[in-house]
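Following: one structure in structure tokens, then a few remarks.
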Amino acid sequence: MAWIYLAIAGVFEIVWAVGLKYSEGFTRPLASVVTVAGMVVSFWCLALALKEIPIGTGYAVWVGIGAVGTAILGIALFGESAAWPRLACIALVLAGIIGLKLTSPT
């Protein structure tokens, strides 16, 4: 169950990271509420996951999910660069996430 909580935490990290862009510095009320709610859910699920998953692994996977997801949505929603070197770096982060999961004792 801890890994499920960690995956949910990572997804909500993506929600709040993208929400920061849409909130325009917390000047747009609805986007700001979604952003803060995403933060709360993300941190809460991360805290639950870290009851069982080692902190180094859990935090790295959480950040990695957020980074990969946010970078992909940056490309899809905001027209950010999809150049092959950038995609290769995103793939390396994803490989790191998978490696941490596969080598985790829990």
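From a predicted model like this one, the values you see are computed outputs, not experimental measurements.
Both V36 and Y22 are members of a single hydrophobic cluster when ILVMFWY side chains are connected at heavy-atom separations under 4.5 Å. L46 and W16 fall within a single hydrophobic cluster, where Ile, Leu, Val, Met, Phe, Trp and Tyr are joined by side-chain heavy atoms under 4.5 Å apart, directly or via other members. Cluster annotation: F26 and F43 are assigned to the same hydrophobic cluster (Ile/Leu/Val/Met/Phe/Trp/Tyr, side-chain heavy-atom contacts under 4.5 Å, transitive). Linking Ile, Leu, Val, Met, Phe, Trp and Tyr whenever their side-chain heavy atoms come within less than 4.5 Å leaves L6 and I8 in two separate clusters. Clustering ILVMFWY residues whenever any of their side-chain heavy atoms sit less than 4.5 angstrom apart, transitively, puts L48 in a cluster other than the one holding V11.
Under a 3.5 Å cut-off, the side chain of T27 and the backbone N or O of E24 do form a donor-acceptor pair. Between the side chain of T35 and the main chain of G19, a donor-acceptor pair closer than 3.5 Å is present.
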**Request:** Given side chain to side chain contact (heavy atoms under 4.5 Å, CB included), test V34 with M39 step by step and report yes or no.
**Result:** CA-CA 9 Å; V34 169; M39 289 175 178; over 6 Å; no
Considering only distance and modelled atom types, tabulate donor-acceptor pairs under 3.5 Å from the side chains of residues 89-102, sequence neighbours left out.
none

Counting only pairs under 3.5 Å, give me each side-chain donor-acceptor contact of residues 50-62, with atom names and distances, residues two or more places apart or in other chains.
{"residue": "W62", "atom": "NE1", "partner": "A9", "partner atom": "O", "Å": "3.3"}
{"residue": "W62", "atom": "NE1", "partner": "S42", "partner atom": "OG", "Å": "2.9"}

Which donor-acceptor pairs under 3.5 Å do the side chains of residues 73-84 make with protein atoms, sequence neighbours left out?
{"residue": "E80", "atom": "OE1", "partner": "R86", "partner atom": "NH2", "Å": "3.1"}
{"residue": "S81", "atom": "OG", "partner": "A83", "partner atom": "N", "Å": "3.1"}

